Protein chains: 2
Amino acid sequence: MPRAGLDPAQVTEAAAALVDEVGFDRLSMGLVAERLGVKTPSLYKHVAGQADLAHRIAVLAATQLGDAVRDATQGRAGGDALFAAAQAMRTYVRAHAGRYAALNSARPDGPDDPFAAAAARALGSLAAVLHGYDLDPDQETHALRMLRSMLHGFSTLEVAGGFQLDTDVDDSFTWMITFIDRGLRAATPPAH
Amino acid sequence: MPRAGLDPAQVTEAAAALVDEVGFDRLSMGLVAERLGVKTPSLYKHVAGQADLAHRIAVLAATQLGDAVRDATQGRAGGDALFAAAQAMRTYVRAHAGRYAALNSARPDGPDDPFAAAAARALGSLAAVLHGYDLDPDQETHALRMLRSMLHGFSTLEVAGGFQLDTDVDDSFTWMITFIDRGLRAATPPAH
DNA sequence: ATCCCTAGCTAACAGCATTAGCTTTAAGTT
DNA sequence: AACTTAAAGCTAATGCTGTTAGCTAGGGAT
């Protein structure tokens with residue numbers, strides 16, 4: 001019988017697709033193996049174990065999310081870039097909720113962990129959006145944390161089904177981004 | 001030998017204390033039992049299983065969080081109430097990260113699930129803060145979702161160790177709440 | 001054609017949630 | 001005070017999942 005011909009990347013991709021469908025908390029070696037047409041122990045030839053697999057999903061997610069935000073903001077500036085970045089992130093999280101959950105439960109393992117680099121790069125994609133508002137350098141960190149908190153919070157609450165009221169969620173999202181855009185423009189240097 | 005004299009509430013409390021220490025993902029029946037000086041199967045006389053236990057922790061968390069926000073905002077209004085509510089929520093999540101994670105991964109089970117009531121009540125505590133800004137009714141929902149997203153996002157990212165830069169996290173938090181307070185006051189009816 | 005590395009397999013083990021059935025506590029009754 | 005009884009807690013056993021050990025055979029290199 002022929003061989004499956006797997007490698008770590010394929011295993012990671014299959015696992016990522018799985019968690020997007022069934023949720024990160026239901027990640028299991030058995031389901032990943034089944035999806036690849038292989039018996040469970042075979043996976044251990046490519047990944048060190050379930051923890052390692054989860055970590056690899058997180059790296060994949062950080063990379064993809066960072067790229068998505070970067071691509072969306074290409075050639076845009078100011079409020080345009082903010083809207084594009086925000087939409088890109090929300091879209092990514094909705095389409096890949098499992099991967100994103102993996103990303104959030106991952107911690108960098110060592111100083112040369114690829115996850116740290118991927119996460120930093122993703123954060124940089126978001127930070128770039130704020131440069132258009134030329135804020136004080138110290139305010140920039142605060143604004144970045146705020147933006148990140150908001151996008152992360154909104155996306156995860158939405159995916160978890162947390163918004164029950166019948167008001168349209170898309171409307172709330174654009175309202176929120178508009179709110180932030182206005183505030184950031186008002187906070188620009190002519191401070192006092 | 002004497003009996004332990006447990007009941008569902010005590011088991012839930014012990015489990016909540018456990019997850020606050022070791023993380024919600026490491027909840028296990030064995031550790032809860034050990035903490036109560038009892039063998040694992042004995043727990044099944046009080047809770048239906050691990051899923052039920054997690055659900056009960058979520059109800060506890062929703063109740064406590066709602067109360068904390070409510071207590072903190074007692075007798076305050078406007079920006080004062082907003083700051084108090086925000087601080088109360090962040091403080092609660094930092095002190096009870098495991099419970100809060102249980103809250104976020106819970107879903108209401110039926111129409112008369114106590115979790116739904118507790119969650120609604122907690123949300124109401126937060127919504128009350130916004131009444132001081134007298135916004136348009138439709139904007140109120142948007143603002144509530146924004147506030148919730150932001151507080152949830154900030155708290156969870158902080159607890160997950162997501163804020164690496166050396167800028168003070170407390171400063172970022174107050175900056176963020178100030179930002180929201182300003183924006184909300186500007187959005188008040190004299191719209192146009 | 002042969003050699004060798006290793007992907008993938010089967011078998012076995014360990015840990016955890018859960019169930020079945022027993023024992024005995026301790027509360028309530030007479 | 002003796003007796004009855006619902007259930008708290010225990011031991012033993014089952015099943016599922018992650019993981020390891022050791023074997024087998026596929027397929028590229030020589």
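It should be emphasised that the depicted structure is a prediction, and the values quoted were computed from it without experimental measurement.
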Nearest-angstrom distance from the residue atom [atom1] of [X] to [atom2] of [N]:
X       : N      : atom1 : atom2 : answer
A:Leu43 : D:dT19 : CG    : C1'   : 11 Å
A:Lys39 : D:dA25 : NZ    : P     : 16 Å
A:Leu18 : D:dT17 : CG    : C1'   : 14 Å

A side-chain contact here means heavy atoms from C-beta on lying under 4.5 Å apart; do B:Glu158 and B:Arg94 qualify?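 Side-chain contact under 4.5 Å: yes.
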
Look at the side chain of B:Lys45 against the base of D:dG9 and say whether a donor-acceptor pair falls under 3.5 Å; ignore hydrogens and angles.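 Yes, a donor-acceptor pair under 3.5 Å.
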
Which parts of nucleotides 13-19 of chain C does protein reach within less than 4.0 Å, heavy atoms only, written one letter per nucleotide 5' to 3' as B for base, S for sugar-phosphate only and - for none? ----SBB

Which residues share a salt bridge (charged side-chain N to carboxylate O under 4.0 Å, His left out) with [X], sequence neighbours left out:
X        : result
B:Arg99  : B:Glu13, B:Asp20
B:Glu21  : B:Arg35
B:Arg182 : none
B:Asp170 : B:Arg90

Could you give all pairs that pass the ring-ring contact (aromatic ring centres under 6.0 Å, His included) test and reach residues 24-58 of chain B, with sequence neighbours left out?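 As it turns out, the ring-ring contact (aromatic ring centres under 6.0 Å, His included) pairs with a partner in residues 24-58 of chain B, which skip direct neighbours, are B:His55-B:Phe115.
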
Between B:His46 and D:dA7, is there a contact of a side-chain N or O with OP1 or OP2 at under 4.0 Å?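 No, because none of the side-chain N or O atoms of B:His46 sits under 4.0 Å from OP1 or OP2 of D:dA7.
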
